[in-house]
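These numbers come from a predicted model, not from an experiment. Values reported hereafter were calculated over all heavy atoms of this structure, with side chains retained and with hydrogens, waters and symmetry mates removed.
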Amino acid sequence: MLRCSGGGAGSPSPRGKVCGMASLLLRGGRIWTGDPGRPWARALAIRDGRILAVGEDREVLQALPSRCPTLDLEGHLVVPGLWDAHLHLFEMAMARRQVCLTGCRCREELLERIRAAALSHPGTGPLLGWGWTSSDWSDRRLPDRREIDRALGGERPALFLRSDLHSGLASTPALRQAGYLDAPPEIEGGAVEVGADGLASGLVLEMALGPLRASFPPPGGQEIQEALVEALAWLHSLGITAVCDQRLKDQSEGPLCREALAALERERRLATRVVSNLALHELEGPLPVLVGEFLRLGHVKLFADGSLGSLTARMFEPYQGQPSNRGIWLTEPPDLRQGFALASGRGLPLSVHAIGDEAVRFCLDLFEDLPRRGGLAPHRMEHAQTLAEEDLGRLARLGVVASMQPTHLLDDLELAEAALGPRTRLLYRFRSLLEAGTTLAFGSDAPVADPNPFLGLHAAVHRQRPDRMERGAWNLAERISLEAALRACTSGPALACGLGDRVGRLAPGMWADLVVLDGDLVAMVREGERLDGVRPLLTVAGGQVVFRRGS
């Protein structure tokens with residue numbers, strides 16, 4: 001267990017100094033700085049929340065006071081604090097308090113999990129859950145509302161979201177309260193599946209989820225704060241010190257989340273850097289004012305298409321076996337164009353969800369018409385999962401960051417092969433984008449996927465699930481180096497948020513965000529080992545211990 005000498009005990013305390021002191025020396029390990037001019041060091045000094053010096057022992061010692069607490073790294077690897085460049089913080093925090101449906105291997109197991117949840121949460125109150133997926137079921141038939149009603153044991157509003165949040169299964173009372181049960185309305189960019197009886201079957205897709213979710217009572221402010229504190233502490237245990245909080249289309253979770261985060265910041269309880277995106281509809285009113293080292297306003301979030309998992313990503317060619325399905329536009333092209341112009345007109349950077357190759361190209365065409373942002377936070381394309389050859393170099397040329405989620409690659413292996421066949425070569429083109437000069441910013445899309453950043457690093461470096469490494473890399477040509485993957489988890493997201501001069505590297509003057517790891521990633525990659533089990537021994541944000549193993 002890592003301990004400070006010459007200082008305090010160093011127990012984790014939000015907004016408290018490392019080891020109870022304003023200064024700290026780290027030595028005795030290997031430090032990957034992320035600084036191209038000096039990528040490796042042996043010692044690092046922190047003072048008042050910033051990096052004071054980094055380099056060899058002698059030069060760092062010269063920069064410090066004569067008496068300074070020292071942390072012996074005991075040979076461990078240090079990297080800059082990790083970012084999650086794309087997650088849904090509100091959804092992730094609340095989902096941790098809902099019924100977990102991840103890992104269900106068939107419809108019967110899904111129904112049994114719902115039945116168990118209803119028994120452990122008795123009554124007639126609303127029941128919410130998330131995380132199921134039928135992609136790897138041998139029988140992909142989904143349960144209908146009547147089966148869900150029976151599993152619930154009676155009349156009870158319930159909604160169970162798919163892992164990608166792009167579809168959900170609802171009970172009869174939930175469909176009724178949303179006005180969906182009898183003759184469901186037509187909803188642009190969404191659908192309510194209808195059964196043979198002419199009534200809603202229980203499956204709700206894309207934009208139709210909005211009114212359904214809105215029919216459930218929102219959580220209270222105190223509940224949101226508590227959920228956020230728990231979720232952020234969990235992220236610290238994974239080495240994550242900063243996040244880009246993404247919005248959901250046409251939902252109102254943004255103000256609720258920001259209000260709770262602002263309260264935590266005022267109370268000096270927020271010790272994760274949160275860059276909070278705006279939903280497009282929030283531009284209709286005054287922009288929120290976020291002031292503080294740990295909370296700031298980010299990009300304007302737009303949505304072009306759906307998801308690969310739900311086969312709603314907008315493609316040039318139909319999905320295999322579905323000749324009439326090329327996916328859907330969540331925002332129709334004329335409205336997308338209008339949204340781009342509105343955000344740009346207010347001087348705000350754009351963050352656009354685009355997954356299918358047609359959606360990606362259309363959004364790149366729209367970026368072509370916008371002025372370059374110079375030294376400001378650049379525009380971003382979220383996911384950019386499917387890239388045609390002729391579009392590969394356009395993101396770099398336009399200064400658009402590719403905000404990608406390597407863990408989705410692991411989730412999509414079988415589904416992508418079945419849905420796209422030989423077109424899978426166009427998916428997750430990490431190396432091709434880097435070679436074209438594109439800035440990559442990696443995230444997880446939590447709660448859609450596991451926020452473990454070491455699982456994401458594994459996916460980017462090995463391009464294969466950890467439990468089947470013997471099969472070799474999936475699309476080997478798109479593997480990237482460990483150093484490139486680490487940059488996409490550190491300096492890449494910082495650049496994407498306009499903070500590249502303040503965080504993301506371990507260099508003098510930068511905010512002191514860093515992680516001490518229990519595994520040597522460099523040696524593990526060299527030996528072809530899986531990376532998903534690596535964990536922090538210590539996580540520091542702004543010179544504060546926010547997580548210590550064993551504390």
Trainee: Using a strict 4.0 Å threshold on nitrogen-to-oxygen distance, state whether R429 and E435 make a salt bridge.
Mentor: no
Trainee: Measure from NZ or CZ of R96 to the centre of the six-membered ring of W234 and say whether it is under 6.0 Å with the direction within 45° of the ring axis.
Mentor: yes
Trainee: Flag the pair E478 and R431 as a salt bridge only when some basic side-chain nitrogen lies within less than 4.0 angstrom of an acidic carboxylate oxygen.
Mentor: no
Trainee: Write out all pairs satisfying side-chain hydrogen bond (donor to acceptor under 3.5 Å, both in side chains) with one or both partners inside residues 26-37, taking only residues at least two apart or from two chains.
Mentor: R27-D57
Trainee: Between E265 (side chain only) and L295 (backbone N and O only), is there a donor and an acceptor less than 3.5 Å apart?
Mentor: no
Trainee: Near R397 CZ, under 6.0 Å, is it more than 12 heavy atoms from other residues, nucleotides or ligands?
Mentor: yes
Trainee: Using a distance-only test with no angle check, is there a side-chain donor-acceptor pair under 3.5 angstrom linking Q405 and S444?
Mentor: no
Trainee: What pairs with F454 under ring-ring contact (aromatic ring centres under 6.0 Å, His included), at least two apart in sequence or on another chain?
Mentor: none
Trainee: Check whether the side chains of E109 and W137 place a donor and an acceptor atom closer than 3.5 Å, and report yes or no.
Mentor: no
Trainee: Shortest non-hydrogen contact from M404 to L433?
Mentor: SD-CD1, 3.5 Å
Trainee: Do P453 and L238 have side-chain heavy atoms sitting under 4.5 Å apart?
Mentor: yes
Trainee: State, with a plain yes or no, whether a side-chain heavy atom of L26 is found less than 4.5 Å away from one of I46.
Mentor: yes
Trainee: With a 4.5 Å limit on heavy-atom distance, are the side chains of V352 and F303 in contact?
Mentor: no
Trainee: Using only heavy-atom distances, determine whether the side chains of H408 and D445 contain a donor-acceptor pair under 3.5 Å.
Mentor: yes
Trainee: Can you sort out the partners of F430 under ring-ring contact (aromatic ring centres under 6.0 Å, His included), two or more places apart, ordered by chain and number?
Mentor: F442
Trainee: Quick one about R258 and S276 (side-chain donor to acceptor, distance below 3.5 Å, no hydrogens or angles considered), yes or no?
Mentor: yes
Trainee: Just wondering, do I240 and L232 contact through their side chains at under 4.5 Å, heavy atoms?
Mentor: no
Trainee: Do L71 and L538 have side chains that approach each other closer than 4.5 Å (heavy atoms only, starting at C-beta)?
Mentor: yes
Trainee: Among all residues two or more places apart in sequence or in another chain, which pass the salt bridge (Lys or Arg N to Asp or Glu O under 4.0 Å) test with E529?
Mentor: none
Trainee: Any salt bridge linking R468 with E470? Criterion: basic side-chain nitrogen under 4.0 Å from a carboxylate oxygen.
Mentor: no
Trainee: If the condition is ring-ring contact (aromatic ring centres under 6.0 Å, His included), which residues does H88 pass it with, not counting sequence neighbours?
Mentor: H86
Trainee: Under the rule for salt bridge (Lys or Arg N to Asp or Glu O under 4.0 Å), what residues qualify as partners of R463, not counting sequence neighbours?
Mentor: none
Trainee: Under the 6.0 Å and 45° cation-pi test, does R465 pair with W474?
Mentor: no
Trainee: Inspect the contact between R269 and E267 and indicate whether a charged nitrogen and a carboxylate oxygen are less than 4.0 angstrom apart.
Mentor: yes
Trainee: Can you name the nearest heavy-atom pair linking T539 to P536, along with the distance?
Mentor: OG1-CB, 3.6 Å
Trainee: Do E253 and L248 make a side-chain contact, defined as non-hydrogen atoms from C-beta onward lying under 4.5 Å apart?
Mentor: yes
Trainee: Quick one: are D513 and W83 in side-chain contact, heavy atoms under 4.5 Å?
Mentor: no
